Amino acid sequence: MKMSKMHVHTLREVPNEAEIPSHILLLRAGMIRKLVSGVYGFMPMGNRILKKIQEIIREEMDAKGGQEILMSALQPAELWQESGRWNVYGPELFRLKDRNDRSFCLGPTHEEIFTDIIRNEVNSYRQLPINLYQIQTKYRDEARPRFGLMRSREFIMKDSYSFDQDQEGLDRSYEDMYHAYENIFTRCGLVFRAVEADSGAIGGTNTHEFTAISEHGESEIAYCGNCDFAATTERAECIDEIGGEAEVLEMEMVETPGCKTILQVADFLGVSTKQTMKALLYKADGKFVAVFIRGDRELNETKLVNALNIPEHALEFADESEMGPITKCVAGYTGPLGLEKCMILVDSELVTMKNLVAGANKENYHIKNLNFKRDFDGDIITDLKLMKEGDACPNCGTPVKMNRGIEVGQVFKLGTKYSESMKAYFKDENMQEKPIVMGCYGIGVTRTMAAIVEQHHDENGIIWPIAVAPYHVIITLVNINDDTQKELADSIYNELNKMRVEVVLDDRDERPGVKFKDADLLGIPIRITVGKKAVEGIVEFNERSKGEKIELKTEEAISMSVEIISNGKSK
RNA sequence: CGGAGUGUAGCGCAGCUUGGUAGCGCAUCUGGUUUGGGACCAGAGGGCCGAAGGUUCGAAUCCUUUCACUCCGACCA
C-alpha cells in the first residue's frame, strides 16, 4: 500500500476527550474515530489490527475444535424472558420495539441464542460435545462508557459456548478454552494473568478472568509471587489473622467523646485499629443488615452479596436516619450490642480476635473487650473482607501482591443454568433425557486492541507487536523528488510485496520529519529509510521497538525484515 | 444516578468578567521556495459560537431551560 493513497489522518495534538495512552494514541494515529460516547468506528489501519487479532483468535479456537458461526445482534425478547434474564439484566440491556410493538434487544452476550440453536438441533449424546463461537458486535448500555475502546457501548467480542454431556466434559472444554486463551493473549503480545474471578450476573460456578496488566485497568487483582494463586480482589478468599492468646477481659463501656471514626477511637483509647471492629449498614432487598469487620479492613461487597444470596443491585447503603429508629443503631457508634430487627453478619476474622472495641449504640460511647460468642454473635459468619496488599496468600501464606489490569477475556463454567431454564436436553446412551452442560468463553476483541496499546507504546506513539501490526514494514522515502531515492524505494517496495511482506511505502510529498513522526505514531514495527545514501544502495534500518538505526545494503535490509517478521509471528 | 468540568472551523484553543455582529495555531486548497525528525513565503476557503427561549436597539458574551461530551464516584463483562 502506498501511503499517498491510504486514508490515514493522524493528529498532532491530543484530542480533548482522551485521557489514557491507548485512547489518545489510537485517536492520534487515526485508527479509531468516535461517533458518540462509547461508540467507535475503525479506520483502515485500525481495522487491519482488528482483523489480525481476530485471525489469531480464529486459529486458536479452531485448533481446539471450535466452529465459527455468526448470530444476529438483534434478539427477540422471548428468549430472554425464557431464560429469566429479561427482567434481571437491567438498564444495561439495549431494548427496542419493532413496528408491531414486539420487544427486542441488542445482544450484550449470546447465551440465549446459542442455547436456542443447540436445543433445536441437538437431541443425542452422539452429537456432543460441540463448541461454537462467533466474532460479533455486542451492545451494552454502559452507565459510564470510558477510556475509548476500554469500556464502550458497542464493541466486538468473541464469544463461544461449549455443550457437553456432563461435568467431566465441561471440565475438558473449559481446560481447552483456558489454554486457547493463554495462546491467544500470548500471541497478541500481552503480559497477562489468568485469575480466579467472581461469576457475577451471567451465573455459573467456576470462572477465570484473563487480565492484561496495566495501570489503567479497571480491575484489581491479587497474586502470589511464590505459588500460582491469582484472583480478582473481589473474589480472593482471605486468610483470617489469628487473634492471639491474650487474656479475655471484662466488657466495659467507655466514654469516647466525638470519636466517630475508627482512627479517632483507636487513637483515643490507645489501641491498634486491628483491635477495633466497625459496622457497615446496608439495605439488602429492603431489609436492614449490619456487617461487622475489623476496623482496619475494607468490606468486599461482592462477598457480601454472595453471602446474602441476593442480586447485586438489591444491595444499597442504608440511610442511617431511617435505620436508626428501627434497629437502635447510632451513626458513628454502631456496635453489635442492642441491635434490633436487623440481620447481623460477622466477618470470620473477628471470631478469634480478643477484647475488641466497638460502638455502644449510644452517642459518644464505645464498648471495650468484646469477644465473639461471649458478647456478640452473627446470623452469618463468613469471610467478607477485601484482600489487600501484603495479606497472606490463601494457598501458601506468602504476602500477596496487587496489580491493576484490563479484563480482556473470561471463561465460565455455566453448568445447566441455561439448558434447564430453556429446556436444552439431550438423550444419553440409556435413553435418559439430560440437560446439556454448558460453558461460555468471551474475549473483548476491541478491548484487547486497547490493552495491547496500553502495554506497547512510548512517548512517540504505538509499538505494535509483529503479530498484530497493521503493516510490518514502512519504507520512508525521504525525498520524493530525488529519482535515485524514489527508484530504490520502489524496488524495495516491489520486492517486499513479491515476498508477501505487508509493506507500506510513504511516498507522500511531505518533509522527512512528518514521515518519521507518523511512522513512530502508527507503530509499524520495521522502518526502512531511503535517503541520500540511496546512490550507494544503502538504506537505514530501524526497529520501532528498539532505538538504534543501522545502515544496511538493500538486500540485507530486506532479508533482515523477513527474518524479524517470521520470528515475530512465531512467538 | 450523585459530584466536578467543558461545548466557538476537521483538531487544539483565545474571546465571555466589562454586550457592538468572531479570531489564533495546526490541518485543507492555490502558487513558489524547500526535503534526514511535525519547513518557509504569499494568497484562499471553511463557523447561524451545542440547542431553545428570554433580557436588550444590539447577545459567543447576561438570564432560564435543555442537550451533548469528559473526568471522579455508584454500577457493570
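Keep in mind it's a predicted model, so treat the numbers as computed, not measured. Proteins get letters first, then strands, A, B, ... in listed order; numbering begins at 1 in each.
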Item to complete: Output the single nucleotide from B:U70, B:G38, B:G25 whose closest atom is nearest the side chain of A:Glu13.
Response: B:G25
Worksheet item: Less than 4.0 Å between a side-chain N and a carboxylate O, is that true for A:Lys413 and A:Asp171?
Response: yes
Item to complete: Flag as yes if A:Phe412 stacks onto the base of B:A77 (centroids under 5.5 Å, planes under 30°), otherwise no.
Response: no
Fill in: Sugar-phosphate, base or nothing in reach of A:Lys549, heavy atoms under 4.0 Å
base
Worksheet item: Can you tell which of B:G37, B:U35, B:U70 lies closest to the side chain of A:Lys517?
Response: B:G37
Worksheet entry | Closest nucleotide among B:C72, B:G37, B:G36 to the A:Arg527 side chain | B:G37
Worksheet item: Counting only side-chain N and O atoms of A:Arg144, is one of them less than 4.0 Å from OP1 or OP2 of B:C72?
Response: yes
Worksheet item: Considering every strand shown, what is the Watson-Crick or G-U wobble mate of B:C29 when both distances are under 3.5 Å?
Response: B:G43
Item to complete: For A:Glu510, report the nucleic acid contact type (base, sugar-phosphate, nothing); a contact means any heavy atom under 4.0 Å.
Response: base
Discussion item. Could you tell me if A:His179 and A:Tyr174 have a donor-acceptor pair between their side chains, going purely by distance under 3.5 Å?
Written reply: no
Worksheet item: Taking the six-membered ring of A:Trp86 as reference, does the NZ or CZ atom of A:Arg95 fall below 6.0 Å from its centre and within a 45° cone about the axis?
Response: yes
Worksheet item: Should A:Lys532 be listed as having a side-chain N or O under 4.0 Å from OP1 or OP2 of B:G36?
Response: yes
Worksheet, complete the sentence: Using Watson-Crick geometry (N1-N3 plus N6-O4 or O6-N4) or G-U wobble (N1-O2, O6-N3), each under 3.5 Å, B:A68 is paired with B:U6
Item to complete: Would you kindly check if the NZ (Lys) or CZ (Arg) of A:Arg33 is within the cone defined by 45 degrees around the ring axis of A:Phe42 and under 6.0 Å from the six-membered ring centre?
Response: no
Worksheet item: Can you tell which of B:U34, B:G36, B:A77 lies closest to the side chain of A:Arg151?
Response: B:A77
Item to complete: Counting Watson-Crick and G-U wobble pairs only, both distances under 3.5 Å, name the nucleotide matched with B:G12, or none.
Response: B:C24
